[in-house]
Asker: 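Sharing a structure below in structure tokens format, with a few things to ask.
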Amino acid sequence: MTDLNDYRFTETHEWVHLREDGLFYVGITDHAQEEITDIVFVDLPESGRVVNAGDELLLVDSVKASFSIYAPVSGTVERSNEALANSPELVNSSPYEDGWLVALKPSDTADTDSLMTHDQYLAFVESQQ
Amino acid sequence: MRREPLLFERSESANSGWYRADGDMPDTPPEELLPSRYLRRERAALPEVSELEVVRHFTRLSQLNFCIDTHFYPLGSCTMKYNPKVNEKAAQLPGLTQMHPFAPESASQGSLQLLNELQQLLCEICGMSAFSLHAAAGAQGELAGILIARAYHQSRGETRRQIVIPDTAHGTNPASAHLGGYQVVTVKSNARGRTDLSALREAVTDQTALFMLTNPNTLGLFEDDIIEIAEIVHERGALLYLDGANLNALVGVVRPGDLGFDILHLNTHKTFSTPHGGGGPGAGPVGVAAHLAQYLPGWVVERSEDVFRLKRPERSIGLLRAFFGSVGVLVRAYSYIRALGAEGLRRNTEGAVISANYLRILLSSVFRLYVDEPCMHECVLSALAQKKRGARALDVGKRLLDYGFHPPTTYFPLIVEEALMVEPTESETKETLDAFVQALQAIDAEINSNPEVVQTSPHSMPVGRLDEVRAAREPILKWTPQMSISGARNTASVG
């Protein structure tokens with residue numbers, strides 16, 4: 001069972017979650033997938049790409065537009081969610097679990113302290129309406 | 001729903017559009033001429049239809065068109081203005097259509113003079129030093145502009161890696177920057193919907209090759225800090241690029257060169273009334289300030305005495321396509337400019353801006369204005385309140401079709417939630433604009449009284465609400481006989 005209290009969130013609507021394999025899993029929030037609407041393509045990055053926190057990590061396309069997804073923490077792309085190649089709709093149906101985008105191997109300086117908790121994120125979204 | 005069958009579905013064996021007269025050459029079986037491995041085993045599945053069937057098919061398809069020649073088409077950022085028929089007449093003059101690109105210069109002086117004069121006219125309209133008419137369309141013009149900037153920086157021994165773009169930019173800007181090998185740095189807009197100057201100061205560094213700006217921007221707002229923006233960009237040694245998508249708001253009134261732009265591209269199909277899309281050719285002329293003229297793509301037409309010559313600029317970024325651009329399209333742009341003259345061009349610009357502001361004020365009683373200030377040639381509204389009542393911007397747009405209007409651009413620019421972007425152009429009468437406002441007021445009332453009719457619209461079109469998501473996820477790109485809808489022939493007889 002997903003406990004979103006373990007997740008951390010950005011103002012650009014990504015989540016990041018440290019899992020048992022020591023990797024930081026990255027996805028987009030439920031609010032983000034709702035705003036983007038039905039996702040039709042995810043442009044997954046290749047393994048080995050090095051990103052800094054805030055860098056553009058990948059693009060997702062909906063019928064509305066193409067959206068940039070930013071790296072919540074610094075690290076190296078360890079792997080991408082290959083299931084999204086054939087089933088991009090997983091990002092809509094399961095944004096926090098099956099619809100994860102990328103697993104990052106954190107750099108030494110990677111930290112999530114500056115990111116929001118789930119409650120803080122929900123309050124942030126509310127304040128933006 | 002009325003469905004026009006494909007010609008393949010209309011095919012009846014032994015129907016034919018033509019009959020070959022008996023010739024005096026013997027018919028040789030193909031087996032005697034070609035090795036068997038090159039011969040078809042089955043007949044090619046070509047449609048067998050009579051000439052009249054073909055004429056009716058394409059006439060019916062043309063009647064299904066929802067186009068500027070039939071309907072008001074306020075598609076924001078696209079400048080769907082009237083394409084005067086005199087342009088077509090000019091472009092069909094045999095002396096122009098029958099010109100061959102390999103004809104010697106001495107035999108093509110008329111065409112070259114026209115292209116040279118168009119270069120001069122665009123220089124005068126835009127306040128630039130030189131123009132190349134070579135690029136095939138706006139996006140290619142944009143790439144050319146980026147390659148010019150790269151060549152310029154390289155000539156100074158600098159490798160700059162970034163291009164700065166505002167968050168209101170058209171998607172082509174980051175796409176062209178990526179294609180040119182640059183990293184994209186995005187600058188946020190301020191509360192007035194303009195480039196945030198302090199964010200720009202941070203973003204523009206000695207790594208910046210170019211700042212790409214659309215002015216007026218995609219919110220339809222004039223970037224009134226443009227002089228300061230040009231200073232910030234130039235102080236760091238970067239170049240200032242104008243995406244000319246919205247030039248229809250400036251022609252005859254403001255010259256981009258006077259604002260500090262170093263490079264720009266134009267979309268002749270927007271500003272200069274050449275036809276949009278349809279798979280046909282386009283043109284994306286690129287203009288530059290004097291210090292960049294030597295990098296222009298393709299050829300420029302020079303005049304010495306009374307002779308016109310093609311010339312490759314000394315340090316040209318090279319060819320983007322064959323020959324001199326889409327000359328037929330350029331003739332149309334030339335015809336438009338010459339027919340209107342300086343006064344007429346200015347009058348059109350003023351008309352476009354007045355029409356957009358007229359709609360902005362009337363529509364602000366129905367939709368929320370993203371920025372409540374006078375706009376230029378288009379205005380951006382938000383259907384967020386309508387969404388809360390049950391109908392999204394998409395639904396409102398689709399419902400407009402039932403009222404006989406093409407939808408505005410929706411969901412762009414991206415920073416506006418439930419965006420409706422309305423660009424009336426100078427071509428429409430006040431009566432048409434009033435009818436458009438009344439339609440939107442009626443739709444707004446329907447959202448309260450009968451939301452379902454809006455949510456499931458359109459109801460009067462040849463096809464209803466299309467499944468855009470499925471079309472994107474599971475595109476069917478090839479017709480096969482199994483796809484024929486049974487009874488298509490019967491349905492067609494109704495149409």
Side-chain angles (χ1 to χ4, degrees), chain A residues 10-14 28-29 31-46 49-71 74 81-95 98-99 124-129, chain B residues 76-77 161-178 182-188 191 199 202-203 218 368 382-385 387-388 392-395 397-398 407 409-421 465-475:
Chain A
T10 68
E11 289 190 359
T12 45
H13 308 286
E14 293 88 11
I28 62 171
T29 66
H31 171 75
Q33 69 79 17
E34 215 166 86
E35 287 296 314
I36 290 173
T37 68
D38 293 290
I39 289 166
V40 295
F41 180 68
V42 183
D43 188 16
L44 294 168
E46 286 180 16
R49 214 177 104 198
V50 179
V51 288
N52 290 315
D55 283 356
E56 187 180 284
L57 186 60
L58 54 88
L59 294 170
V60 300
D61 291 351
S62 75
V63 287
K64 243 162 84 168
S66 190
F67 298 84
S68 296
I69 307 300
Y70 301 96
S74 304
N81 187 353
E82 299 296 338
L84 301 180
N86 288 324
S87 307
E89 66 274 11
L90 287 174
V91 182
N92 294 112
S93 59
S94 177
D98 299 341
F124 167 76
V125 169
E126 187 71 21
S127 74
Q128 299 287 303
Q129 297 289 314
Chain B
S77 217
R161 302 197 177 281
Q162 294 177 342
I163 288 180
V164 179
I165 292 172
D167 60 3
T168 51
H170 290 104
T172 50
N173 293 174
S176 299
H178 274 294
Y182 287 94
Q183 295 166 352
V184 174
V185 177
T186 306
V187 178
K188 285 207 152 110
E202 259 179 53
T218 61
R368 193 174 66 83
S382 168
L384 202 55
K387 184 187 178 189
K388 286 173 181 159
R392 308 175 56 213
L394 179 75
D395 303 322
K398 298 286 188 197
T409 297
T410 53
Y411 303 105
F412 187 82
L414 301 176
I415 60 172
V416 181
E417 280 189 82
E418 297 299 318
L420 289 165
M421 185 192 210
R465 188 72 69 99
L466 299 174
D467 187 345
E468 295 173 15
V469 174
R470 197 170 147 228
R473 283 180 182 160
E474 304 164 38

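Per chain, numbering begins at 1; letters A, B, ... match sequence-line order. Please read all numbers here as calculations on a predicted model, not as lab measurements.
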Asker: Please check: side-chain N/O of B:E418 versus main-chain N/O of B:A393, any donor-acceptor pairing under 3.5 Å?
Answerer: yes
Asker: What's the verdict on side-chain hydrogen bond (donor to acceptor under 3.5 Å, both in side chains) for A:S66 and A:D61, showing C-alpha distance, side-chain angles and the deciding distance?
Answerer: CA-CA 4 Å; A:S66 190; A:D61 291 351; 2.8 Å; yes
Asker: Are the side chain of A:N81 and the backbone N or O of A:D98 linked by a donor-acceptor pair below 3.5 Å?
Answerer: yes
Asker: Can you tell me which portion of B:K387 sits under 4.5 Å from chain A's heavy atoms? Options are side chain, backbone, both or neither.
Answerer: side chain
Asker: Do the side chain of A:S94 and the main chain of A:L90 share a donor and acceptor less than 3.5 angstrom apart?
Answerer: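 Absent.
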Asker: Side chain, backbone, both or neither: which part of A:T37 has a heavy atom under 4.5 Å from chain B?
Answerer: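 Side chain only.
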Asker: Non-hydrogen atoms of chain B under 4.5 Å away: do they reach the side chain of A:E89, the backbone, both or neither?
Answerer: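 For A:E89, backbone and side chain are both near chain B.
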Asker: Can you tell me which portion of A:N92 sits under 4.5 Å from chain B's heavy atoms? Options are side chain, backbone, both or neither.
Answerer: side chain
Asker: Looking only at non-hydrogen atoms, find the nearest pair between A:D43 and A:L58 and report the distance.
Answerer: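 What the structure gives for the nearest pair is O-CB, 3.2 Å.
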Asker: With a 4.5 angstrom heavy-atom cut-off, is it the side chain or the backbone of B:E417 that approaches chain A, or both, or neither?
Answerer: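 Only the side chain of B:E417 comes within 4.5 Å of chain A.
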